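Encoded as structure tokens, the structure appears first; notes follow it.
Just so it is clear, the structure is predicted and the values come from calculations on it, not from any experiment. What you see below is based on every heavy atom in this structure, not just the backbone, and it leaves out hydrogens, waters and symmetry mates.
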Amino acid sequence: MVGGCGGRGLLAALMIALPLGLSLGLSGPAGAQDLLPASVPYARSPGCPDVRIAMPPATHALPGGVQLSPRPADIPVGGESAICFAYATADMISQRVGRAVSPLDVATKFYFADPERLAALPDPRIAQHLRAHPRFREDIAWSRNAVDIDPTRNPRHEPYFDKLEGGEEDAAALLYNLDGLCDERDLPSHEGYAHHTRFFLAQRYGSHVRAPNQCFRATGATVDRLRSRRADAFNAAWMRRVASLCRRRPSPVPLLPVSYRVASNQLEFMEMLETGKVPSRARIDRMLAMVDYALDHRRAPTIGYSWYILEARDPKDPDLAADHSSTVVGRRRVGGRCQYRVQDNTGAYCAHMRPGIRERCEDGRIWLWEEELRHTLYSVIYLR
């Protein structure tokens, strides 16, 4: 992505078919052998039938265990919009594997995991996916080079982990095949980095960060943009913390992303509209058909769209595009029109939403009309 909180599908899209015998109103994770096919066409679900996708039981808590309303267990894990791609990807993975995984672990792997290790994984289904996407290394490098670095209290623009912004959901999901799952309860991510504030402060000003001539193998596989002498020390310490906290377990299913986009990010989508290069209705229909397909087959897809659908832009906000990523967890027909339920991870809940939107919001989950999505939807990603 370029700017905003999350980028959209760099890995080449696969054409997925709509097989016979749809199951509606499904919940729970699909089985380990329940991989979707990889080469048949999409179609919209006739009549927009109701679907509800149940997410795994919530395990997150507020830092310090402070009790507020709504309870954390009743709302999506979230609070750090600069890495909304990681929260959406974690939701997508959690629904697929049947347990709540940590968004901060997803972000850590996206920024620093070695993509070369994917080719050494023994699962033949992962190997087949990599053969179908021979540029996966270049795609991951591109997405890492597009990451923004927050300069707030960071005048040197050091690429510290907690100052990195944005990422790609499909690349993050693919990299999450490495080293197993880390539960949200082990590496808490609710309210962003708040559970780890003391650790980050200690590392940022620790003597080891200022030490010269260090070599950190842990960060050596990422791109130069995400490396510096100070940041390597800081990020290597964070990765050690992740390793010490995460009680990893193998994923019951390979995480194979399927993606399609009409623009690389929301800003590019807006520029297309302004220059008259409006995506064809057929391309928008295809993205909605992919959302339908995923929902009808017990998958929670992520979508790339504009945050300004949900909340009005502050005139002083320099971000004109407001890239955002959310998981879609439901569909229904209301008055002959189709609505999709998105699970938002910004922590804003409903009170700050636009008039007309907040009335369709409950505990951070919002029903959006199909027509609203059509105006800004530019990517869809789901797991086979």
Restricting to non-hydrogen atoms, name the atom on [X] and the atom on [Y] that form the minimum distance, rounded to 0.1 Å.
{"X": "A88", "Y": "T327", "result": "O-OG1, 3.3 Å"}
{"X": "E184", "Y": "H190", "result": "OE2-N, 3.4 Å"}
{"X": "S306", "Y": "H324", "result": "C-CB, 4.2 Å"}
{"X": "A221", "Y": "P115", "result": "O-CD, 4.3 Å"}
{"X": "R365", "Y": "P76", "result": "NH2-N, 3.7 Å"}
{"X": "C350", "Y": "D363", "result": "SG-N, 3.7 Å"}

Got a donor-acceptor contact below 3.5 angstrom from the [X] side chain to the [Y] backbone?
{"X": "Q203", "Y": "F200", "value": "no"}
{"X": "S143", "Y": "G167", "value": "no"}
{"X": "K109", "Y": "N177", "value": "no"}
{"X": "R384", "Y": "L36", "value": "yes"}
{"X": "D232", "Y": "R227", "value": "no"}
{"X": "R144", "Y": "V223", "value": "no"}
{"X": "D123", "Y": "R125", "value": "yes"}
{"X": "H196", "Y": "L187", "value": "no"}
{"X": "R299", "Y": "L383", "value": "yes"}
{"X": "N154", "Y": "D150", "value": "yes"}

Quick check: is [Y] connected to [X] through a chain of hydrophobic side chains (ILVMFWY, heavy atoms under 4.5 Å apart)?
{"X": "Y340", "Y": "W367", "result": "no"}
{"X": "W369", "Y": "Y378", "result": "no"}
{"X": "V334", "Y": "V342", "result": "no"}
{"X": "V253", "Y": "L178", "result": "yes"}

Is a side-chain donor-acceptor pair under 3.5 Å present for [Y] with [X]?
{"X": "Y87", "Y": "D344", "value": "no"}
{"X": "D296", "Y": "S45", "value": "yes"}
{"X": "Y305", "Y": "S326", "value": "yes"}

Greater than 12 external heavy atoms within 6.0 Å of [X]'s [atom1]:
{"X": "Q128", "atom1": "CD", "result": "no"}
{"X": "R374", "atom1": "CZ", "result": "yes"}
{"X": "R225", "atom1": "CZ", "result": "yes"}

Could you check whether any side-chain heavy atom of [X] comes within less than 4.5 Å of a side-chain heavy atom of [Y], counting everything from C-beta outward?
{"X": "Q95", "Y": "V329", "answer": "no"}
{"X": "R286", "Y": "V380", "answer": "no"}
{"X": "C182", "Y": "Y176", "answer": "yes"}
{"X": "R185", "Y": "R99", "answer": "no"}
{"X": "V242", "Y": "F161", "answer": "no"}
{"X": "V328", "Y": "P301", "answer": "yes"}
{"X": "H60", "Y": "H195", "answer": "no"}
{"X": "D91", "Y": "T302", "answer": "no"}

Worksheet entry | Trace of the side chain to side chain donor-acceptor pair (under 3.5 Å) decision for R230 with Y160 | CA-CA 8 Å; R230 288 173 176 263; Y160 299 128; 4.6 Å; no
Item to complete: Output, in order, the C-alpha distance, side-chain angles, deciding distance and verdict of side chain to side chain donor-acceptor pair (under 3.5 Å) for E158 and S228.
Response: CA-CA 7 Å; E158 295 285 356; S228 74; 2.4 Å; yes
Practice prompt. Hey, could you give me each pair passing salt bridge (Lys or Arg N to Asp or Glu O under 4.0 Å) that has a residue in residues 197-207? Not counting sequence neighbours.
Written response: D162-R204
Nearest 0.5 Å, what's the [atom1]-[atom2] distance between [X] and [Y]?
{"X": "I75", "Y": "Q343", "atom1": "CD1", "atom2": "CD", "result": "10.0 Å"}
{"X": "I357", "Y": "I366", "atom1": "CD1", "atom2": "CD1", "result": "8.0 Å"}
{"X": "L255", "Y": "L175", "atom1": "CG", "atom2": "CG", "result": "10.5 Å"}
{"X": "L368", "Y": "I309", "atom1": "CG", "atom2": "CD1", "result": "6.0 Å"}
{"X": "D285", "Y": "S280", "atom1": "CG", "atom2": "OG", "result": "8.0 Å"}
{"X": "Y42", "Y": "L288", "atom1": "OH", "atom2": "CG", "result": "13.0 Å"}

Worksheet entry | Residue pair M239, T219: steps toward the side-chain contact (heavy atoms from CB on, under 4.5 Å) verdict | CA-CA 9 Å; M239 294 168 74; T219 60; 4.1 Å; yes
Worksheet item: Taking only residues two or more places apart in sequence or in another chain, which ones pass side-chain contact (heavy atoms from CB on, under 4.5 Å) with A172?
Response: F85, T89, V106, F110
Worksheet item: Between D34 and R298, does a side-chain contact (heavy atoms from CB on, under 4.5 Å) hold up when you go through it step by step?
Response: CA-CA 10 Å; D34 186 19; R298 293 190 296 167; 3.2 Å; yes
Item to complete: Just say parallel, tilted or perpendicular for the rings of Y382 and Y293, cut-offs at 30° and 60°.
Response: tilted
Item to complete: Can you label the angle between the F199 ring and the W238 ring as parallel, tilted or perpendicular, going by 30° and 60°?
Response: tilted
Item to complete: Begin with the C-alpha distance, continue with both residues' side-chain angles, and end with the deciding distance and a verdict on salt bridge (Lys or Arg N to Asp or Glu O under 4.0 Å) for E370 and R337.
Response: CA-CA 8 Å; E370 175 183 322; R337 300 159 62 199; over 6 Å; no
Practice prompt. Apply side-chain contact (heavy atoms from CB on, under 4.5 Å) to R332 and R52, showing your working.
Written response: CA-CA 9 Å; R332 69 183 181 184; R52 303 291 190 275; 4.2 Å; yes
Item to complete: Could you go through the salt bridge (Lys or Arg N to Asp or Glu O under 4.0 Å) check for R261 and D170 one step at a time?
Response: CA-CA 12 Å; R261 61 180 182 170; D170 51 0; over 6 Å; no
Discussion item. Going by side-chain hydrogen bond (donor to acceptor under 3.5 Å, both in side chains), name the residues that satisfy it together with R117, two or more places apart in sequence or in a different chain.
Written reply: D179
Discussion item. Strictly below 4.0 Å, N to O, side chains only: are E372 and R360 in salt-bridge contact?
Written reply: yes
Fill in: Test applied, salt bridge (charged side-chain N to carboxylate O under 4.0 Å, His left out); reference residue, R248; option that passes from D183, D186, D105
D105
Item to complete: Check the pair R331 / C338 against side-chain contact (heavy atoms from CB on, under 4.5 Å), numbers first and verdict last.
Response: CA-CA 7 Å; R331 182 187 63 210; C338 202; 3.8 Å; yes
